[in-house]
Amino acid sequence: MTSAPELRGEDRADFDDVLHRALATTEMRTRLRRGVHTTALADWLRERVEASRSEIAANAAPEYARYLSARADAGGGSAATRPRRVPPVGRWVRARRRLLPALAVLAPLLASMAAVVFLLLGYVLEVADAAPETADALVRAGWTAAVIAVLTGAAALAGLLVMALRHRSIPRPGPDRAARASAVDQARETWQRALLERGMLPFLRARLAEREQARPGRRTDRRPQRPRIGYASPDYASPDYASPGYGGPERLSGDAPVPRADRHDAGA
């Protein structure tokens, strides 16, 4: 029996993306809002997921194995899944890369303009027979600028040809390679879906249920009610005793009320 493949380092970003998608579902957002501290609860869930990363990933082990196999067949994965290694580039290298194309365009242009100006001024001074030394210097400078313009133009043209050859030599992905890249992307989506449905969401539900059970339950016992002070005798439940001016049965018959002491004496 083969063991489940371990989650590789380059796939941790996909794992974290699945966790983010799980926390963003309607179910998880609703359950998180029930708590008092939503952010603290989400951070606590992330810590639990980080501690149980291998356990969660094992629930989607078959899909992950197929994804690794498809990536290996495609030569390391598609452009979306393969990590890019960019060599460190210094500031001087970046500045030189930007400066060289500008010089390739500006140098021939400036040299050509200088050649035209110098030659024009030099020949005008020679025709006018004024300052022959200055005229000769301008003519020489003009022809020198013309030579520089030709050389820089040839260098710029050679650079363009080299760049075109480099772009032409880059192999374009054929139908086979494009199909393998598509298979890798599809396997990756299948693994992420299985990880979300069978691994991440059940784990989050279980942790939330455990947390809810561990919380102290609410007190359901009520305070004992105070005894109701009043007359509970059936004699006082009669409608005849409801009047605030009630003074005894004698008031009803028209006789004067008998004091309590006299009543006891009469009964004796």
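Along the sequence shown, residues are numbered consecutively beginning with 1.
A pairwise comparison of heavy atoms in Ala115 and Gly142 identifies CB-O, 3.2 Å as the closest pair. Arg198 and Asn59 get closest at one heavy-atom pair: NH2-O, 3.1 Å. Smallest separation of non-hydrogen atoms from Ala149 and Pro108: CB-O, 3.8 Å. Nearest heavy-atom pair across Ala74 and Val184 is CB-CG2, 3.6 Å. When every heavy atom of Leu201 is checked against every heavy atom of Ala22, the shortest pair comes out as CD2-CB, 3.9 Å. The shortest heavy-atom contact between Gly122 and Ala135 is O-CB, 3.4 Å.
The CG atom of Leu32 lies 6.5 Å from the CG atom of Leu23; values are rounded to the nearest 0.5 Å. Atom CG of residue Leu157 and atom OG1 of residue Thr152 lie 11.5 Å apart, to the nearest 0.5 angstrom.
Asp16 and Arg21 are not joined by a salt bridge, as no carboxylate oxygen comes within less than 4.0 angstrom of a charged side-chain nitrogen.
Under a 3.5 Å cut-off, the side chain of Thr30 and the backbone N or O of Thr26 do form a donor-acceptor pair. Panel note: side chain Ser52, backbone Val49; no donor-acceptor pair is recorded below 3.5 Å.
Counting heavy-atom neighbours within 6.0 Å of Glu133 CD, excluding the residue itself, gives a total of 12 or less. For Glu27, the CD atom is densely surrounded, since the number of other residues' heavy atoms within 6.0 Å is greater than 12.
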- Task: Please step through salt bridge (charged side-chain N to carboxylate O under 4.0 Å, His left out) for the pair Arg46 and Asp43, ending with a clear verdict.
- Result: CA-CA 5 Å; Arg46 288 189 179 93; Asp43 293 340; 3.3 Å; yes
- Task: Could you walk me through whether Glu212 and Arg31 pass the salt bridge (charged side-chain N to carboxylate O under 4.0 Å, His left out) test, one step at a time?
- Result: CA-CA 11 Å; Glu212 290 174 359; Arg31 298 188 68 171; 3.8 Å; yes
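In the hydrophobic cluster analysis, where Ile, Leu, Val, Met, Phe, Trp and Tyr join through side-chain heavy atoms closer than 4.5 angstrom, Leu110 is grouped apart from Ile148. Cluster annotation: Tyr67 and Leu196 are assigned to the same hydrophobic cluster (Ile/Leu/Val/Met/Phe/Trp/Tyr, side-chain heavy-atom contacts under 4.5 Å, transitive).
Put simply, the side chain of Arg71 reaches to within 4.5 Å of the side chain of Arg8, judged on heavy atoms. Residues Leu68 and Asp11 are in side-chain contact: their nearest non-hydrogen atoms beyond the backbone lie under 4.5 Å apart. When side chains are defined from C-beta on, Gln192 does not count as touching Leu195, because their heavy atoms never get closer than 4.5 Å. The closest side-chain heavy-atom distance from Asp136 to Glu126 is below 4.5 Å. Put simply, the side chain of Met28 reaches to within 4.5 Å of the side chain of Leu208, judged on heavy atoms.
Partners of Arg207 under the side chain to side chain donor-acceptor pair (under 3.5 Å) rule, at least two apart in sequence or in another chain, are Glu210. Taking the salt bridge (charged side-chain N to carboxylate O under 4.0 Å, His left out) definition, one finds that Arg66 meets it with Glu63, sequence neighbours left out.
Tyr64 and Trp191 have tilted rings, their planes meeting at an angle from 30° to 60° on a 0 to 90° scale.
Under a 4.5 Å side-chain heavy-atom criterion applied to ILVMFWY residues, the cluster that includes Leu138 comprises Val117, Phe118, Leu121, Leu125 as well.
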